[in-house]
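The chain is numbered in sequence order, starting from 1. This is a predicted model, so every value here is computed, not measured.
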Amino acid sequence: MPDADARVTDVVDAAVVRAWARLAAGALGRERAAIDQVNVFPVPDGDTGTNLHLTAREGARAVAGAPDDAGAAALLRRFARGALLGARGNSGVILSEWLRGLAVAATRGDALARALDVAAGCARSAVAHPASGTILTAADVAAAAARDVAARPGAGGDEVLEAAVRGAREAALSSVATLAPLAQAGVLDAGACGLVLVLDALRVARHLTVAPPLEAEPLEVADIVDTPHAAAGGAVSVATTTMLAVMPVTLGLDLTGHTAAPPAGQPFPAHEDHEHSDADELEVMFVLRRPAGAHEFAEGGVAGALRADLAAVGGSVVVVGGSDLGDADGDSAWQAHVHTPDLAAALAVARHWAVRGRVEPVHVRHLAVPDGSLTVVAATAAPVLAAELARAGAVVLVPVPPVGVAARDLALAALGSGPRTALVLGPAVEAVGAAVARLAAEHEDGALPSDVVALPAPTDVHAAVVVAALAAAADDPGTDAVDAVRDALRGLRTATTDAADAPAALGALLAGGGEVVTLLADDGVGSTDALEDAATAAGAECVVLRTGRAGTGVAIGVEG
């Protein structure tokens, strides 16, 4: 057994990293719904388990694609970079930075306890306003427990790892007494529970590569609450059985005196958060890539500057990444995350940074838990329309020039929707379908959408019509949302023109009849009264939306 001062790669060798990535993604995928159900902080949006799983899944995919002779440090960097580029949600971004810290420490030859310290510090420094009782606390306590054991004479690397798992679990168990929202709901912190799964998967991966696992019975909840963590092989691991057998995620009943989490579909109690407010309704995320040799910022300066820019437009700010996980060309990568009521301001931040690098499509979604079984994925460059789509429950991809939205981007967003049906709106339906098929073949983990439906939506007018169709379907429980969208798009005729030519374009479309007219006007367009009057005179209802873009363009859609 390696001693406690041995390099992290002596404990976590290449075989362990490969097994760990696979086990961590699998465990988070299996327990995704259980973690989602207890997600109440910082926002009760019910997706922490899904976000952690999607993040780890992309990291595991990167590891699986590594050359057979890749060393442990190189594999850890791949794990971290894949997780960073695929990170979803606040918790996923934090997990990716924790993995990055571990990879950095492993690359420079640190011992395991020191590497866990670095990982915890990196994760905490990425968050603008860290809170106690969260995944950050679990990382801190795991590192402290590992450090204490490493200081003991004769301690080994496996004992350090055991202590880290035990520390994370104890921190997760105590989270209910640390954060008021968790106490109100009677649950553990969802992110902390996720880190327990990840660390325990590492423990299991280590033992699977050193010795065959021993037969054992699962631990009971009382065993976890009242006794130290079982020795390796002494119990079926979190990574190889259901989390609820070994981790009391919902603590209700007689364990804590708190009320249990509400049944699925019922809201958690409202709570006040020093950083998040009810107005912070949209989650905005984007990846920034910077070329090798871009040195106008000192080490850590990119994260600090980007974090400050995002803090000016919203809360729950997390920025992670760096040059130490550069790709084959040496490019650095950063993942940015913010909750904001002002999408236009957040997009302005992304465009500002696109001048200093390359910003991939911005992901926008509403923080409310979506109702029903359908997730819509759409793309638009119009900020106002993007916000409206997100408020209708869609995941929206907004391009930041010169980078556009590719079929693969839409496919990845669809495959991140969980077990719900994913409806993808895009200009190249066949390309989206092919991308979905390719990616789905790589992710046989049981957490993919039940179905992916791709429908042609080549213009912003198509997306606007979808918003209306979804709203109408939501008001009528007997209406199938996908059928409603199909019907609306099937009878749609469109034109895109300048404001001066819009009356003639509208007249030509209405010559074929119409029941509903949709007008999308850029910010430079003055009054649309004449267009509205023309629609009304033709017997059509008229809906007017601003795009939020500069210019004098008008997009017109006529239905029916």
J.: So, do Val127 and Glu97 sit near enough that their side-chain heavy atoms are less than 4.5 Å apart?
T.: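 No, too far: nothing below the 4.5 Å cut-off.
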J.: Closest approach of Thr528 and Ala521, non-hydrogen atoms and distance?
T.: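 Reported closest heavy-atom pair: CG2-CB, 4.2 Å.
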J.: Hey, are Thr380 and Asp460 close enough side-chain-wise for a donor-acceptor pair under 3.5 Å?
T.: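 A pair is found: one side chain offers a donor N or O, the other an acceptor, under 3.5 Å apart.
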J.: Apply side chain to side chain contact (heavy atoms under 4.5 Å, CB included) to residues Val517 and Leu506 and explain how you reach the verdict.
T.: CA-CA 9 Å; Val517 171; Leu506 175 59; 3.9 Å; yes
J.: Between Arg289 (side chain) and Arg358 (backbone), is there a donor-acceptor pair under 3.5 Å?
T.: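 Between the backbone of Arg358 and the side chain of Arg289 there is no qualifying donor-acceptor contact (under 3.5 Å).
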J.: Would you say the side-chain atoms of Asp483 pair up with the backbone N or O of Asp480, donor to acceptor, closer than 3.5 Å?
T.: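 Not a single qualifying donor-acceptor pair exists.
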J.: Let me confirm one number: the OG1-CD1 distance from Thr50 to Ile35, rounded to the nearest 0.5 Å.
T.: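 One gets 9.0 Å once the value is rounded to the nearest 0.5 Å.
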J.: If we ignore angles and hydrogens, is there a donor and acceptor under 3.5 Å between the side chains of Thr552 and Asp498?
T.: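 Checked: Thr552/Asp498 side chains pair up, N/O donor to acceptor below 3.5 Å.
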J.: Looking only at side-chain N and O atoms, does His462 offer a donor or acceptor that is under 3.5 Å from a partner on Thr459?
T.: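 Yes, His462 and Thr459 have a side-chain donor paired with an acceptor closer than 3.5 Å.
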J.: Given Leu470 and Val376, is the side chain to side chain contact (heavy atoms under 4.5 Å, CB included) satisfied, shown in steps?
T.: CA-CA 10 Å; Leu470 290 174; Val376 177; 3.7 Å; yes
J.: Could you pull out all residues at least two apart from His337 that satisfy ring-ring contact (aromatic ring centres under 6.0 Å, His included)?
T.: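 ring-ring contact (aromatic ring centres under 6.0 Å, His included) check on His337 returns His339.
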J.: Determine yes or no for a side-chain-to-main-chain donor-acceptor pair under 3.5 angstrom, with Arg290 supplying the side chain and Arg356 the backbone.
T.: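 It does hold such a pair.
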J.: Verify side chain to side chain contact (heavy atoms under 4.5 Å, CB included) between Leu195 and Ile135, making sure each step is shown before the conclusion.
T.: CA-CA 7 Å; Leu195 187 64; Ile135 185 174; 3.9 Å; yes
J.: Answer yes or no: is there a side-chain heavy-atom contact under 4.5 Å between Leu545 and Leu519?
T.: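 Leu545 vs Leu519: side chains apart.
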J.: Drop me the distance from Arg490's CZ to Glu559's CD, to the nearest 0.5 angstrom.
T.: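 Those atoms lie 12.5 Å apart.
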J.: Report yes if the side chains of Val400 and Pro361 come closer than 4.5 Å at any heavy-atom pair, otherwise no.
T.: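 With C-beta onward as the side chain, the pair stays apart.
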J.: Check the pair His352 / Asp309 against side chain to side chain contact (heavy atoms under 4.5 Å, CB included), numbers first and verdict last.
T.: CA-CA 10 Å; His352 171 72; Asp309 287 348; 3.8 Å; yes
J.: Hey, does Leu455 have a side-chain heavy atom less than 4.5 Å from the side chain of Arg486?
T.: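 Side chain of Arg486 against side chain of Leu455, heavy atoms only: contact under 4.5 Å found.
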J.: Is a side-chain N or O of Asp189 found less than 3.5 angstrom from the main chain of Ser175, in a donor-acceptor match?
T.: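 Not a single qualifying donor-acceptor pair exists.
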J.: Kindly give the heavy-atom pair with the smallest separation between Ala435 and Ala411, and that separation in Å.
T.: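 So the minimum-distance heavy-atom pair works out to CB-CB, 3.6 Å.
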J.: Is it true that the side chains of Ser527 and Asp529 contain a donor and an acceptor less than 3.5 Å apart?
T.: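 Yes.
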J.: Could you state the interatomic distance from CD1 (Ile556) to CG (Leu492), rounded to the nearest 0.5 Å?
T.: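 The CG atom of Leu492 is 11.5 Å from CD1 of Ile556, to the nearest 0.5 Å.
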J.: Please check this pair: side chain of Arg88 against backbone of Leu54, looking for a donor-acceptor N/O pair closer than 3.5 Å.
T.: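 Not a single qualifying donor-acceptor pair exists.
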J.: Please report the closest heavy-atom contact between Ala56 and Phe79, naming both atoms and the distance.
T.: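 Shortest heavy-atom separation between Ala56 and Phe79 comes out as O-CE1, 4.0 Å.
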J.: Please examine the side chains of Leu397 and Val362, heavy atoms only from C-beta on, and report whether any two atoms are closer than 4.5 Å.
T.: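 A side-chain contact is absent here, since even the closest heavy-atom pair is not under 4.5 Å.
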J.: Do Val516 and Glu541 have side chains that get closer than 4.5 Å, going by heavy atoms?
T.: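 Result yes, sub-4.5 Å side-chain heavy-atom pair found.
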J.: Is there a side-chain contact between Val466 and Leu425, using heavy atoms and a 4.5 Å cut-off?
T.: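 Yes; the side chains approach each other to less than 4.5 Å.
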J.: Looking only at heavy atoms, which two atoms of Arg81 and Ala333 are closest? And how far apart?
T.: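 Scanning both residues, the minimum pair turns out to be NH1-CB, 3.7 Å.
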J.: Working to the nearest 0.5 Å, report the span between CD of Gln335 and NE2 of His363.
T.: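 Between Gln335 CD and His363 NE2, I get 8.0 Å after rounding to 0.5 Å.
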J.: Looking at Gly560, is its backbone amide N or carbonyl O close enough to the side chain of Arg493 to form a donor-acceptor pair, meaning the two atoms are under 3.5 Å apart?
T.: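 Yes, because the side chain of Arg493 sits within donor-acceptor range (under 3.5 Å) of the backbone of Gly560.
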J.: Would Asn51 and Ser91 count as having a side-chain donor-acceptor pair, cut-off 3.5 Å?
T.: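 Distance-only check fails for Asn51 and Ser91.
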J.: So which atom in Trp334 and which in Gly321 form the shortest heavy-atom distance, rounded to 0.1 Å?
T.: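 Shortest heavy-atom separation between Trp334 and Gly321 comes out as CZ3-O, 3.1 Å.
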J.: Taking atom CD of Glu388 and atom NE2 of His366, what is their separation to the nearest 0.5 Å?
T.: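 So the CD of Glu388 and the NE2 of His366 are separated by 10.0 Å.
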J.: Any chance you could measure Glu31, atom CD, to Gln37, atom CD, to the nearest 0.5 Å?
T.: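 That separation rounds to 13.5 Å.
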J.: Hey, are Arg391 and Glu281 close enough for a salt bridge, meaning a charged N less than 4.0 Å from a carboxylate O?
T.: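 Yes, this pair counts.
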J.: Between Thr375 and Ala422 (side chain of the first, backbone of the second, donor and acceptor by atom type, cut-off under 3.5 Å), is there such a pair?
T.: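 Such a contact is absent between Thr375 side chain and Ala422 backbone.
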J.: Main chain of Pro383, side chain of Arg549: is a donor-acceptor contact present, judged purely on distance under 3.5 Å?
T.: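 Flag not set: sc Arg549 to bb Pro383 has no pair under 3.5 Å.
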J.: With side chains defined as the heavy atoms from C-beta onward, is the minimum distance between Val467 and Val465 less than 4.5 Å?
T.: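 Val467 does not reach Val465 side chain to side chain.
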J.: May I ask you to decide if Val313's main-chain N or O and Thr340's side chain share a donor-acceptor pair within less than 3.5 Å?
T.: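 Checking the backbone N and O of Val313 against the side chain of Thr340, a donor-acceptor pair under 3.5 Å is found.
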J.: Are any side-chain N or O atoms of Arg61 and backbone N or O atoms of Gly82, one a donor and one an acceptor, separated by less than 3.5 Å?
T.: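 No.
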J.: Looking at Ala390 and Val364, what are the two nearest heavy atoms and their distance?
T.: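 Shortest heavy-atom contact: CB-CG1, 4.0 Å.
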